[in-house]
Amino acid sequence: MFPDLSSLANVFPLGGIDIAFYVVAFVMVATAICTVAVKNILQSAVFLIFSFVGTTVLYLLLHAEFNALAQIMVYIGGVVIFVIFTILLTSHLGEDAFSTKIPRYFAAFIISIAFVAIMVKCLLPAQGLVTTAATAPEGFASLKALSVRLLGYGADGFILPFEIVSILLLATLIGAITIARRGKEEK
């Protein structure tokens with residue numbers, strides 16, 4: 001009469017890492033939906049930061065620390081902050097304070113309690129999180145191998161895409177400033 005749930009456990013494992021993955025994936029999807037659903041572009045950029053933080057946590061769950069660090073430095077530290085500065089420099093969105101329906105003291109208290117809980121959880125030793133060893137070949141993800149590939153200009157190098165993205169970001173900033181200047185001149 002009832003379906004067999006033992007096969008469902010093979011499809012959706014429920015270990016500690018798996019549950020953490022499900023939680024982070026849900027937060028990422030929710031913040032990505034909020035990124036495109038909110039009407040205020042500055043709030044959209046803040047939701048994008050949270051979505052990128054979720055991606056960083058997923059990299060950490062996969063033991064890809066270099067990718068997590070690159071995610072923080074390039075996307076959160078570079079691209080999104082660049083977008084936020086562009087928004088604040090070219091519009092009047094930053095002049096109004098965010099209106100919230102909950103008191104700020106209550107929100108600050110809840111967020112600080114959550115951070116303390118996360119810090120305590122991270123400082124306490126966790127037994128049995130890693131059940132298998134990595135099977136990558138020796139030196140596959142070493143810093144030297146990654147840097148040679150990222151800065152290489154051969155068939156397997158990525159220096160050309162990095163330069164193209166930097167030119168695209170510069171063109172975006174110049175376009176945003178030009179659009180903002182036209183709006184000020186018309187007034």
Side-chain angles (χ1 to χ4, degrees), residues 8-38 41-87 110-170 172:
L8 191 62
N10 293 334
V11 176
F12 296 108
L14 294 176
I17 294 288
D18 300 319
I19 292 172
F21 169 78
Y22 297 140
V23 169
V24 171
F26 176 76
V27 169
M28 283 178 56
V29 169
T31 56
I33 290 172
C34 289
T35 299
V36 296
V38 297
I41 193 165
L42 189 60
Q43 290 176 348
S44 177
V46 172
F47 281 121
L48 185 63
I49 289 174
F50 286 120
S51 182
F52 284 154
V53 168
T55 306
T56 302
V57 172
L58 284 183
Y59 283 138
L60 289 174
L61 288 174
L62 293 171
H63 301 289
E65 290 85 10
F66 179 78
N67 291 348
L69 183 64
Q71 177 79 17
I72 291 172
M73 289 174 47
V74 173
Y75 288 104
I76 298 171
V79 174
V80 176
I81 301 302
F82 184 69
V83 168
I84 289 174
F85 280 153
T86 305
I87 292 167
I110 296 297
I111 290 172
S112 61
I113 293 297
F115 276 122
V116 168
I118 290 171
M119 287 189 326
V120 167
K121 178 67 178 159
C122 290
L123 291 176
L124 294 176
Q127 311 315 352
L129 279 180
V130 179
T131 57
T132 61
T135 58
E138 185 67 32
F140 176 74
S142 68
L143 189 57
K144 182 177 180 183
L146 285 172
S147 62
V148 165
R149 222 163 147 221
L150 286 176
L151 298 176
Y153 53 87
D156 61 343
F158 289 101
I159 192 70
L160 188 61
F162 278 141
E163 293 300 323
I164 291 172
V165 167
S166 68
I167 291 171
L168 180 67
L169 287 173
L170 179 64
T172 304

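If you're wondering where the values come from, they're calculated on a predicted model, not measured in any experiment. The chain is numbered in sequence order, starting from 1.
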Exercise. Rounded to the nearest 0.5 Å, what's the gap from OG1 on T55 to CZ on F50? Could you check?
Key: 13.5 Å
Quiz prompt | Spatial distance of atom CD1 (I159) from atom CD1 (I164) [nearest 0.5 Å] | solution = 11.0 Å
Exercise. Working to the nearest 0.5 Å, report the span between CD of Q71 and CG of L58.
Key: 9.5 Å
Please table the atom pairs, donor to acceptor, closer than 3.5 Å between any side-chain atom in residues 25-36 and protein atoms at least two apart or in another chain.
| residue | atom | partner | partner atom | Å |
| --- | --- | --- | --- | --- |
| T31 | OG1 | V27 | O | 2.9 |
| T31 | OG1 | M28 | O | 3.1 |
| T35 | OG1 | T31 | O | 2.7 |
| T35 | OG1 | L48 | N | 3.4 |

Quiz item: Between atom CZ of F21 and atom CG of L62, what is the distance when rounded to the nearest 0.5 Å?
Solution: 8.0 Å
Practice problem: State the CD1-CD1 distance between I113 and I111, to the nearest 0.5 angstrom. | Solution: 11.5 Å
Quiz item: Distance from L60 atom CG to L69 atom CG, nearest 0.5 Å?
Solution: 9.5 Å
Quiz prompt | With F52 via ring-ring contact (aromatic ring centres under 6.0 Å, His included) - residues at least two apart | solution = Y75
Practice problem: Under the side-chain contact (heavy atoms from CB on, under 4.5 Å) rule, what do L160 and Y153 come out as? Steps first, then yes or no, please. | Solution: CA-CA 7 Å; L160 188 61; Y153 53 87; over 6 Å; no
